[in-house]
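Only one structure is covered here, and it is reproduced in the block below.
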Protein chains: 2
Amino acid sequence: MAFIETSAVAIGPYGSRAALRSAPLPALYPAGAEIYGQGERCRGIYQVEFGAVRVYRLLADGRRQITAFHLAGEMFGFEADTVHHFFAEAICATGVRPIAASNDSDQSGRILPMALKSLVRAQEHLLVLGRQNAVERIAAFLGDLADRQGGLKLIDLPMSRTDISDYLGLTIETVSRVFSRLKRQGVIRLPNLRSVEVVNWQALQEMAG
Amino acid sequence: MAFIETSAVAIGPYGSRAALRSAPLPALYPAGAEIYGQGERCRGIYQVEFGAVRVYRLLADGRRQITAFHLAGEMFGFEADTVHHFFAEAICATGVRPIAASNDSDQSGRILPMALKSLVRAQEHLLVLGRQNAVERIAAFLGDLADRQGGLKLIDLPMSRTDISDYLGLTIETVSRVFSRLKRQGVIRLPNLRSVEVVNWQALQEMAG
DNA sequence: CGGTTGGTTGATCATGCTCAAATTTGGTGG
DNA sequence: CCACCAAATTTGAGCATGATCAACCAACCG
């Protein structure tokens, strides 16, 4: 991971802003680096080259809701305003390519389909948060991640349990308990903290509802 | 409400499809009529002329999540696909105007800002469902409705308690209890089932977080 | 009036949260 | 390679919020 040393940015969770953001080509962010912050001026939209990004919002008392994770190839940074309403951070060492200004009307034909995809994703996530229980949420989350990673048995989890809980509207303890339960039931295996192997695909799908 | 009799559609909750949908100008839907259904081919996007629309998704066992309410002037019907992933129904007698095909690239410059607005709305709703308790959800809901209706003290609730609960990820009983509590605390008044008067605006805002 | 629909209230229960510990993991230096 | 450490995760016990189940009530309409 030589690129970490070559990028002139601070390292560490919730670290300082990346100096490379305005570079014309892929910007590199170490784990925890902020890509943009709430209130900051929108520079356009981005595509993840490698790594993973979390987009989230905070309540005054610190409660956090992650609205989306973005993996390699996916777009993020859509805003209705000229100012960001959310935070975006690199989850692990991540490369991000600026794509276009979101208010560039020449580009809107290209941007609209991506924005609509984000919208459908968010709406489907609403169903999960509003109406599914803890097991269903985790099962849906794993199924979704697996799909986005090509449907392989071995799912890569770039994010921590805390990130997962803030994405699913649960606590870290509940996430951990559900993982343990699924493991005990032989639905998944946990080779290490950052990957999940799906053993019983059908059971997982049924749990997701 | 003479237009109900003049429109050749069935009346009643979850009623049959409106015959007027393909008309070039505003289509009229009675309370409960379906505007489009999951799996149905997308015809484009719509603007609410008057009345109110609920957009929702169902789980296999009947659990429902309303992803959005749309009031007069607002747009809905954005989809990433050529097929609808959600249901849309008139909440009360409602007029709906078809605006454009969502895959019409000439229109994308006009459509993109509206789609982005829907996206931000959905993402903010995620924060409510994922991280706020029942009182906060109701307070946020009332605040949002008030804003969209011009910020007046008297809020019009076109939707039932059941709709509200399916929007906020609560049960109808919890919605009712929170309304009663806010009334007892002097934050709101309930002149009738379909309106709310905000008495203590600041308290409501603080509760919404 | 009687019936139906939608809403409120009460009592009990269960899911998931909180607080507290134990344990595992991954990294670091000997 | 191994011991050690800090951070992350897992596990446990008790609790609280909101769900469930069951009456009750009010408005509306034939």
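Throughout, protein chains are lettered first and strands after them, A, B, ... in sequence-line order, and every chain is numbered starting at 1. These numbers come from a predicted model, not from an experiment.
- Here dT18(C) is the nucleotide among dT9(D), dT9(C), dT18(C) with the atom lying nearest to any side-chain atom of Glu173(A).
- Following rounding to the nearest Å, Arg181(B) (CZ) and dG18(D) (P) show an atom-to-atom distance of 8 Å.
- Taking the six-membered ring where the residue is Trp, the centroids of Phe69(A) and Tyr167(A) are separated by under 6.0 Å.
- Taking side-chain N and O atoms only, Thr171(B) has no distance below 4.0 Å to OP1 or OP2 of dG18(D).
- Residue Leu170(B) contributes atom CG, which lies 15 Å from atom C1' of dT15(C) at whole-angstrom precision.
- In this structure, Ile188(B) places its CD1 atom 14 Å from C1' of dT8(C), rounding to the nearest Å.
- Side-chain N/O atoms of Ser180(B) include one lying less than 4.0 angstrom from OP1 or OP2 on dT9(C).
- With the nearest nucleotide of DNA chain D identified for both Leu190(A) and Leu193(B), Leu190(A) has the one nearer the 5' end.
- Distance, Glu136(B) CD to dA16(D) C1': 15 Å, rounded to whole Å.
- For Asn133(B), the side-chain atoms get nearest to dG18(D) when compared with the rest of dT20(D), dA20(C), dG18(D).
- Nucleotide dC17(C) holds its C1' atom 15 Å from the CG atom of Leu168(A), rounded to whole Å.
- Donor-acceptor pairing under 3.5 Å, judged by distance alone, is absent between the side chain of Arg177(B) and the base of dG7(C).
- Taking only side-chain nitrogens and oxygens, Arg194(B) comes nearer than 4.0 Å to OP1 or OP2 of dG7(C).
- Following rounding to the nearest Å, Phe179(B) (CZ) and dG18(D) (P) show an atom-to-atom distance of 15 Å.
- With hydrogens and angles disregarded, no donor-acceptor distance shorter than 3.5 Å links the side chain of Glu49(B) to the backbone of Arg97(B).
- Between the side chain of Glu40(B) and the backbone N or O of Gly37(B), at least one donor-acceptor pair lies under 3.5 Å.
- Judged by distance alone, with hydrogens and angles left aside, the side-chain atoms of Glu79(B) form a donor-acceptor pair with the main-chain N or O of His85(B) at under 3.5 Å.
- Phosphate contact (OP1/OP2 of dA19(D), side-chain N/O of Thr174(B), threshold under 4.0 Å): present.
- What separates CG of Leu157(B) from C1' of dG7(C) is a distance of 13 Å, to the nearest Å.
- At the phosphate of dT10(D), OP1 or OP2 sits under 4.0 Å from a side-chain N or O atom of Ser176(A).
- Proximity of Arg161(B) to the phosphate of dT8(C): a side-chain N or O atom is located under 4.0 Å from OP1 or OP2.
- One interatomic measurement links the two molecules: CD of Gln132(B) to P of dG16(C), which rounds to 19 Å at whole-angstrom precision.
- At distances below 3.5 Å, not a single donor-acceptor pair connects side-chain atoms of Gln65(A) with backbone N or O atoms of Leu58(A).
- Residues Gly169(A) and Ile172(B) each lie close to DNA chain C; by heavy-atom proximity, the contact nearer the 5' end of the strand is made by Ile172(B).
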